[in-house]
Amino acid sequence: QVQLVESGGGLVQAGGSLRLSCAASGRTFSRSHMAWFRQAPGKEREFVSAINWIGDSTNYADSVKGRFTISRDNAKNTVTLQMNSLKAEDTAVYYCAGRRALSTRLAVRANEYDYWGQGTQVTVSS
């Protein structure tokens, strides 16, 4: 089992940047695809980005493509989401998620992920 703890959220002005981190514990982290999701008030949880277990394949939601970058460090058991050019519509609770790498496919649906962090709030003021 993998336990995930997010950090790095906060309040930032539109156009600014934030860097979210997800610290993982557990021996299976390096064999897990990892992802970030977000959930705004009154909305469903939505996919943001995913990275494969090796770290050489990524996927992004169209709404964040070109602004966000996902990366991982398997030696440090961490996944990072660098968020640039933030917009008010990026305001949400951001969740780190993982799933066992049983295939090469990077899942985009929340129900395909096996473990989750508690979330970190990101607020972008306009």
Side-chain angles (χ1 to χ4, degrees):
Q1 185 67 293
V2 176
Q3 294 183 329
L4 305 174
V5 178
E6 302 96 334
S7 62
L11 174 63
V12 64
Q13 289 188 336
S17 298
L18 279 176
R19 186 178 182 90
L20 304 184
S21 292
C22 174
S25 62
R27 298 176 61 183
T28 58
F29 172 79
S30 62
R31 292 293 184 266
S32 298
H33 297 326
M34 300 298 296
W36 288 93
F37 286 78
R38 66 187 181 187
Q39 188 166 18
K43 295 187 177 181
E44 293 187 354
R45 193 167 297 189
E46 66 172 358
F47 171 79
V48 175
S49 182
I51 187 167
N52 70 342
W53 69 278
I54 299 175
D56 63 355
S57 178
T58 59
N59 191 13
Y60 296 92
D62 288 343
S63 59
V64 306
K65 202 169 293 183
R67 300 188 298 122
F68 291 11
T69 302
I70 191 171
S71 60
R72 68 187 295 162
D73 186 337
N74 285 346
K76 297 182 179 179
N77 277 18
T78 58
V79 180
T80 299
L81 185 68
Q82 177 66 43
M83 305 187 296
N84 298 329
S85 302
L86 283 162
K87 305 175 182 180
E89 50 263 44
D90 294 319
T91 295
V93 177
Y94 283 71
Y95 296 91
C96 179
R99 67 189 297 259
R100 292 169 294 172
L102 300 178
S103 73
T104 59
R105 184 176 64 89
L106 292 179
V108 299
R109 293 181 298 184
N111 62 9
E112 294 186 273
Y113 283 82
D114 303 314
Y115 25 87
W116 292 83
Q118 82 290 347
T120 185
Q121 177 70 46
V122 171
T123 303
V124 183
S125 62
S126 56

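One-based numbering along the sequence shown.
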Problem set entry | Gap separating the CZ atom of Phe29 from the CD atom of Gln3, nearest 0.5 angstrom | 14.0 Å
Exercise. Between Tyr113 and Ala50, what is the shortest heavy-atom contact and its length?
Worked result: OH-CB, 3.8 Å
Problem set entry | Closest approach of Val108 to Asn59 (non-hydrogen atoms, all atoms of both residues) | CG1-ND2, 3.5 Å
Problem set entry | Separation between CG of Leu106 and CG of Asn52, rounded to the nearest 0.5 Å | 6.0 Å
For this session: Please report the shortest heavy-atom distance between Cys96 and Met34, naming the atom on each side.
Result: SG-CE, 3.7 Å
Exercise. Minimum heavy-atom separation for Asn74 to Ile54, with atom names?
Worked result: ND2-O, 4.4 Å
Problem set entry | No-hydrogen, no-angle side-chain donor-acceptor test under 3.5 Å, Tyr94 and Arg38 | yes
For this session: Check the angle between the aromatic planes of Phe37 and Trp116 and answer parallel, tilted or perpendicular using the 30° and 60° thresholds.
Result: tilted
Exercise. Is the number of heavy atoms from other residues, nucleotides or ligands within 6.0 Å of CZ (Arg100) greater than 12?
Worked result: no
Problem set entry | Tyr115 with Ile70, same ILVMFWY side-chain cluster at under 4.5 Å | yes
For this session: Say whether Val64 and Tyr95 are linked into one hydrophobic cluster, either directly or through other cluster members, by side-chain heavy-atom distances under 4.5 angstrom.
Result: no
Problem set entry | Approximate separation, where rounding is to 0.5 Å, of Thr78 OG1 and Asp73 CG | 4.5 Å
Exercise. For the side chain of Glu6 and the backbone of Gly119, is there at least one donor-acceptor N/O pair under 3.5 Å apart?
Worked result: yes
Problem set entry | Flag if over 12 foreign heavy atoms under 6.0 Å of NZ, Lys65 | yes
Problem set entry | Gap between atom CZ of Arg105 and atom OG of Ser57 - 0.5 Å precision | 12.5 Å
Seminar exercise, completed: In this structure, CZ of Phe68 is separated from CG of Leu20 (nearest 0.5 Å) by 8.0 Å
Exercise. Hey, quick one: are Val79 and Leu4 part of the same hydrophobic cluster, counting side-chain heavy atoms closer than 4.5 Å, chains of contacts allowed?
Worked result: yes
Exercise. Taking the six-membered ring of Tyr60 as reference, does the NZ or CZ atom of Arg67 fall below 6.0 Å from its centre and within a 45° cone about the axis?
Worked result: no
Exercise. With distance as the sole test, does Thr91 use its side chain to make a donor-acceptor pair with the main-chain N or O of Val124 at under 3.5 Å?
Worked result: yes
Exercise. At their closest point, which heavy atom of His33 faces which heavy atom of Trp53, and how far apart are they?
Worked result: ND1-N, 3.1 Å
Problem set entry | Trp36-Val12 co-clustered via ILVMFWY side chain contacts under 4.5 Å | yes
Exercise. For Arg99 and Glu112, which heavy atoms make the closest approach, and how far apart are they?
Worked result: NE-O, 2.9 Å
Problem set entry | Whether Gln39 side chain and Ala92 backbone form a donor-acceptor pair below 3.5 Å | no
Under 3.5 Å, side-chain donor or acceptor atoms of residues 80-88 against the rest of the protein: list the pairs with distances, not counting sequence neighbours.
| unit_1 | atom_1 | unit_2 | atom_2 | d |
| --- | --- | --- | --- | --- |
| Gln82 | OE1 | Arg19 | NH1 | 2.9 |
| Gln82 | NE2 | Asn84 | OD1 | 2.9 |
| Asn84 | OD1 | Ser17 | OG | 2.9 |

